[in-house]
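Heavy atoms only: backbone and side chains are in, while hydrogens, waters and symmetry mates are out. Just so you know, these numbers come straight off a predicted model, no measurement behind them. Protein chains get the first letters and strands the later ones, always in sequence-line order, with residue 1 at the start of each.
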Amino acid sequence: MPNEISVCNLSFRYQDSTPYVLKDISLTVKKGEWLTILGPNGSGKSTLAKFFNALLIPLTGEVVSCGKNTVDSAEWSSIRRDVSMVFQNPDNQLVAPTVEDDVAFGLESAGIPYDEMHQRVKDCIQRLGLEGFEKTEPHNLSGGQKQRVALAGALALKPKVIVLDEATSMLDPQGRNEVLTIVRKLNKEDGVTIIAITHDVNEAIASDRVIVLNDGSIVYEGIPRELLANREILRANNLSSPFIVDVARELRKYQILIDENVLTHEELVNAICSYKRII
Amino acid sequence: MQLQTNNLSYTYMKDTPFERQALSGLNIKLDSGQFTSIIGHTGSGKSTFLQHINGLIKPSKGEIKVGDWTISSDTKQKQLFDLRRQVGMVFQFPEHQLFHETVLQDVAYGPINFGLSKVEAERKATEYLELVGIGADLFTRSPFELSGGQMRRVAIAGVLAIEPLLLVLDEPTVGLDPQGQAAMMALFSEWYKAKEKRSIVLVTHRMEDAAKFSDQVIVMSSGKVLEIGTPEKIFSQVEKLKENGLSVPESVKLLSAIQSKSGIELETGKFTKEATVESILSFLNVKGRDHDF
């Protein structure tokens, strides 16, 4: 698989007098991959994300997004069309008076012809399950619906990569599930590369790969299952170990045989119930 | 502080095409000294209700009683000045409300506004900055030079420094990492327990926090109270909560799933890891603590 994004020896600080926020980061994201970036507050996650679509430009090191070097200002608008971002607060990213106008907003700015724009808006609204809300004012939507409108707007530009910067952290449990279900669909069915920044280790379970940032450096890289079972790494990076993993660990102390791989509710329920049948 | 609503209703943009009823006939009673959590999906009216507690918005119909104050549609703003010293409001992202040149000045602003001398106000500010874990080395810094977590602590110290009796918290831990969230909730819990008369009303999407800290939980839906009761009672209704776009704490989710898969009843109203493990051990007929020898 070719690389969709490659970051090479990137270091960054906001001012000459302040400490480095990113320290010699090298990272590649493959086409079609779903990468989770975890890390405590202030670790540099959101700063790093802004380099993916040329909202920040490297002074030290290099970032190549979808084959284009972000240092080249002539490529910025094309990079930003290829790499879409959805931010944390749903109220800060919807601009138009109705849902369909909002989805069309980016297309209009990108100069997409009217007929095609119409079709794309319709497709994206349908894809994200927002039919019936076309004429609704965004502020009358729930948080999960608002984030889906933001995703529809991003998707309408046919991006290769979608970056989610804590896009579910302000949502209620149902809104969170709505958004995660859609993200999974876009990744698996449409082949969109996903980069998801989060504090919630449970959100990492479904992704292909996870990196942990701390104090501007990548301190861990691996598959989610291994990270989630690694209590030391989690604790050292202000991440909480999943409840299910903790309960399974406790139960093993009582000689109850539960596979080390158990991570989800369903897996633990099955393990406990089959143990019950044996004894 | 006691809090009671009588048929409280609120309509946004009344008599316009955008009219929307956010609260309809709300009847809630909270005793003094209680920790109450309010859960409900987006748009259920939680934040609208919170804004009534110190009169930021006034009822369209009905009334709300907070301590010695009664607020109805014709209550005048100036009657509420003293109420606002007793009700501290922490909104989402309270750090957005920081404005002063230094951390100490920002926290002292509230107490000065309520009539304390500069010296007294700064003494209060120092006390509460220490409580939230902001060291004296940061007092003279601009609040905008701090990290997000520190900024939020400063903003909260500013609310605590007016020494309210009732603290109203609207999703106070959004955006913090898990350890930051736990530390922030521990801080509120500590503040609450330090004096008997203190009360908290917390709006949260985090069912774990609602279960762990509350004396009672209110479930809101479409501007009404759907359910009110102890965490044990509320979180035993897995299906009902799910229908309303809410979830239960992970412990309850796990224990309920074991119950429905095995068909054997077990205690599901457990909110800590230890209690959950105990419940599973007794389900498996494995003895708890003394198994360790």
Side-chain angles (χ1 to χ4, degrees), chain A residues 18 38-43 45-46 88-91 137 139-146 166 169-178 198-202 234-235 237-244 246-251 253-256 265-266 268-270 272-277 279, chain B residues 18 20 39-44 92-93 145 147-150 152 171 174-183 204-208 241-242 244-251 253-264 273-274 276-278 280-281 283-289 291-292:
Chain A
T18 55
L38 292 164
N41 286 121
S43 58
K45 305 185 298 294
S46 295
Q88 180 181 46
N89 192 336
D91 292 320
E137 296 165 56
H139 72 260
N140 284 330
L141 299 174
S142 73
Q145 288 166 341
K146 284 179 192 166
E166 294 194 44
S169 69
M170 289 183 67
L171 303 182
D172 56 34
Q174 179 178 321
R176 184 175 289 227
N177 284 340
E178 284 171 21
T198 177
H199 291 311
D200 184 350
V201 288
N202 289 310
L234 290 173
R235 193 177 290 161
N237 294 288
N238 283 17
L239 298 165
S240 52
S241 151
F243 179 76
I244 294 296
D246 284 345
V247 170
R249 184 182 292 120
E250 283 301 311
L251 290 173
K253 290 185 188 162
Y254 298 95
Q255 278 74 50
I256 297 166
H265 278 267
E266 202 188 342
L268 184 55
V269 171
N270 287 339
I272 289 170
C273 289
S274 50
Y275 185 84
K276 173 94 178 162
R277 275 193 296 275
I279 55 172
Chain B
F18 305 106
R20 190 168 65 87
I39 59 175
H41 68 79
T42 318
S44 58
Q92 278 185 17
F93 300 102
E145 287 174 10
S147 76
Q150 288 171 329
R152 189 167 299 188
E171 298 253 25
V174 163
L176 299 181
D177 59 41
Q179 284 185 13
Q181 283 176 346
T204 185
H205 288 319
R206 296 174 49 82
M207 304 303 146
E208 267 68 25
L241 290 170
K242 210 184 274 175
N244 283 281
L246 297 168
S247 61
V248 293
E250 289 213 66
S251 53
K253 192 175 158 197
L254 175 67
L255 294 169
S256 313
I258 295 172
Q259 181 169 291
S260 45
K261 192 174 164 83
S262 65
I264 300 167
K273 186 178 72 186
E274 292 72 24
T276 307
V277 170
E278 284 296 325
I280 296 172
L281 290 178
F283 167 77
L284 294 172
N285 299 318
V286 176
K287 271 217 183 123
R289 294 295 154 216
H291 193 79
D292 269 335

How far does OG1 of Thr18(A) sit from CD of Glu145(B), to the nearest 0.5 angstrom?
10.5 Å
Which region of [X], side chain (C-beta onward) or backbone (N, CA, C, O), has a non-hydrogen atom less than 4.5 Å from a non-hydrogen atom of chain A, or is it both or neither?
X	answer
Gln92(B)	side chain
Leu254(B)	both
Arg20(B)	side chain
Ser247(B)	both
Phe283(B)	both
Thr204(B)	neither

Minimum-distance pair of heavy atoms, taken over all atoms of [X] and [Y]:
X	Y	answer
Ile264(B)	Lys276(A)	CD1-CE, 3.6 Å
Gly245(B)	Pro173(A)	O-CD, 4.2 Å
Met170(A)	Val174(B)	CG-CG1, 3.4 Å

What pairs with Phe243(A) under ring pair (Phe, Tyr, Trp, His ring centres under 6.0 Å), at least two apart in sequence or on another chain?
none
Tell me, please, which residues at least two apart from Ser240(A) pass side-chain contact (heavy atoms from CB on, under 4.5 Å).
Pro178(B)
Check whether any side-chain N or O of Asn41(A) sits under 3.5 Å from a backbone N or O of Asp177(B) as a donor-acceptor pair, and report yes or no.
yes
Name the option with the most non-hydrogen atom pairs under 4.5 Å to chain A; the candidates are Asn285(B), Asn244(B), Leu176(B).
Leu176(B)
So which of His205(B), His41(B), Glu208(B) has the biggest tally of heavy-atom pairs under 4.5 Å with chain A?
His205(B)
